[in-house]
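Heads up, the thing below is written out as structure tokens.
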Amino acid sequence: MRILVFFLLFLLSENVWAVGNFRKPRFLYNTCNLRTSPFSLLDFYSGSCYKIGLECKVFRQYAITVEYGGYLPDFNKLVDIKGSLIEVGLRRYLDNNYDHNGAYLSLNYRYKEQSFGYHDDFRSAIPYSKDYKVKKYVNCVNLNVGVCSVSERGFVFDLYAGVGIRMKSVRSSLSLDELKNGEAFSRSPVLRLMVKPGSFILPNLSVGIRLGILLSSWNKYVDSRPKTQPKF
């Protein structure tokens, strides 16, 4: 955790904003970078998840992003977590310099499937305990706004937030009537959102940070922004 905090502070130092720091003679064009979402490992809602992705410039201010992730086996009270997610996006940078630094808008689509087990105590004439299985399928479309910054050393810092719509299908090995008698199910609104069987259309809010490193850049080291812009 200390290493992660140190890395964040380093990225937020003056090196991150080297684009606007005229004491720095170097400037990087962000044409392709490898990134990860470190805070997804601390997701207390749906489970700890690793993510790794790419951003690649395709034309002028436009880029495509691809991200893949998977769940770690056990997290909190969820057991035997399995699943994966993939997200693709089209990003447009608002700066006309084509350097892919600064503010952007992006349209993203995410597909996720996940299964896990849960243990609950159930109320009845004779109380009992039981394990049950849950499987979820999620389709999500989001419109995000964010800021991407590349340091002179090639580190990438990407902060974003967005809104969208989420279509979720949940299957459970227990019926809804039986789940309603569960002690944990009755007490926890969050758990009910996770395990209640059925199909749902819900609003989706996203906020996050991606950290990465450049894999390639156009005109990597220059004294200042070139007067001529790349043709793509």
Side-chain angles (χ1 to χ4, degrees), residues 1-5 8 36-53 67-89 107-146 159-211:
M1 187 63 184
R2 292 181 179 178
I3 295 176
L4 177 59
V5 171
L8 284 173
T36 185
S37 301
F39 292 115
S40 63
L41 294 171
L42 304 176
D43 187 342
F44 293 96
Y45 173 67
S46 59
S48 183
C49 177
Y50 66 86
K51 295 180 182 178
I52 188 167
E67 188 172 59
Y68 176 82
Y71 289 91
L72 302 183
D74 295 290
F75 186 79
N76 205 1
K77 293 185 178 181
L78 308 181
V79 296
D80 298 326
I81 299 179
K82 298 177 183 178
S84 60
L85 63 88
I86 186 167
E87 182 172 335
V88 295
L107 183 64
N108 293 67
Y109 166 75
R110 175 184 293 181
Y111 172 77
K112 177 177 78 171
E113 61 179 50
Q114 181 190 30
S115 63
F116 57 87
Y118 199 83
H119 178 87
D120 204 352
D121 298 320
F122 294 87
R123 301 184 299 267
S124 68
I126 302 177
Y128 63 95
S129 298
K130 196 172 186 177
D131 297 324
Y132 60 93
K133 297 290 186 178
V134 176
K135 190 157 189 176
K136 297 194 301 181
Y137 302 90
V138 179
N139 290 275
C140 181
V141 177
N142 247 51
L143 180 63
N144 294 339
V145 59
L159 174 66
Y160 67 93
V163 295
I165 188 170
R166 182 169 75 247
M167 293 153 282
K168 179 174 69 170
S169 176
V170 182
R171 301 174 185 174
S172 174
S173 60
L174 298 184
S175 67
L176 180 57
D177 289 337
E178 188 172 6
L179 284 170
K180 288 179 179 178
N181 292 321
E183 295 286 351
F185 184 89
S186 301
R187 293 194 305 263
S188 174
V190 173
L191 181 64
R192 289 198 294 271
L193 285 174
M194 294 181 62
V195 305
K196 183 178 178 180
S199 297
F200 310 92
I201 299 178
L202 303 166
N204 188 72
L205 300 176
S206 65
V207 61
I209 294 174
R210 296 185 180 98
L211 306 177

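As the structure is a computational prediction, the values presented were derived from the model and not from experiment.
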Taking every non-hydrogen atom, the tightest pair across Lys51 and Thr36: O-OG1, 2.6 Å
Closest heavy-atom pair and its distance - Leu85, Cys49: CD2-SG, 3.8 Å
Residue from Ile165, Asn142, Val138 passing side-chain contact (heavy atoms from CB on, under 4.5 Å) with Asn204: Asn142
Backbone of Tyr132 reached by a side-chain donor or acceptor of Ser173 within 3.5 Å: no
Salt-bridge present (Lys133, Asp80; N to O < 4.0 Å): yes
pair Lys196-Val170: side-chain heavy atoms closer than 4.5 Å: no
Lys135/Glu113 salt bridge by N-O under 4.0 Å criterion: no
Any Leu78 side-chain heavy atom under 4.5 Å of Tyr118 side chain: yes
Tyr68 vs Ser84 side-chain heavy atoms within contact, under 4.5 Å: yes
From NZ (Lys168) to OG (Ser199), nearest 0.5 Å: 10.5 Å
Salt-bridge present (Lys112, Glu87; N to O < 4.0 Å): no
Check: Asn139/Tyr109 side-chain N/O donor and acceptor closer than 3.5 Å: yes
Under 3.5 Å: donor-acceptor pair, side chain of Ser172, backbone of Leu174: yes
Spatial distance of atom OG (Ser175) from atom CG (Asn181) [nearest 0.5 Å]: 8.5 Å
Verdict with reasoning, Leu179 to Asp120, per side chain to side chain contact (heavy atoms under 4.5 Å, CB included): CA-CA 9 Å; Leu179 284 170; Asp120 204 352; over 6 Å; no
Step-by-step side chain to side chain contact (heavy atoms under 4.5 Å, CB included) determination, Val195 to Phe116: CA-CA 10 Å; Val195 305; Phe116 57 87; 3.9 Å; yes
Arg171, CZ: over 12 other non-hydrogen atoms inside 6.0 angstrom: no
Heavy-atom pair of closest approach, residues Lys130 and Glu178: NZ-OE2, 3.3 Å
Backbone of Phe185 reached by a side-chain donor or acceptor of Ser188 within 3.5 Å: no
Student check: side-chain heavy atoms of Val207 and Tyr160 closer than 4.5 Å: no
Note, Gln114 side chain near Ile81 side chain (heavy atom, < 4.5 Å): yes
Worked check of side chain to side chain contact (heavy atoms under 4.5 Å, CB included) between Arg123 and Glu183: CA-CA 7 Å; Arg123 301 184 299 267; Glu183 295 286 351; 3.1 Å; yes
Close side-chain approach of Ser37 and Glu67, heavy atoms under 4.5 Å: yes
Modelled atom types, side-chain donor and acceptor of Asn144 and Ser206, under 3.5 Å: yes
Heavy-atom closest contact (Leu159 atom, Gly208 atom, distance): CD1-O, 3.5 Å
Audit row: Tyr50, Leu72, side chain to side chain contact (heavy atoms under 4.5 Å, CB included) steps and yes/no: CA-CA 8 Å; Tyr50 66 86; Leu72 302 183; 4.1 Å; yes
Validation row: Ser186, Lys180 side chains within 4.5 angstrom (heavy atoms): no
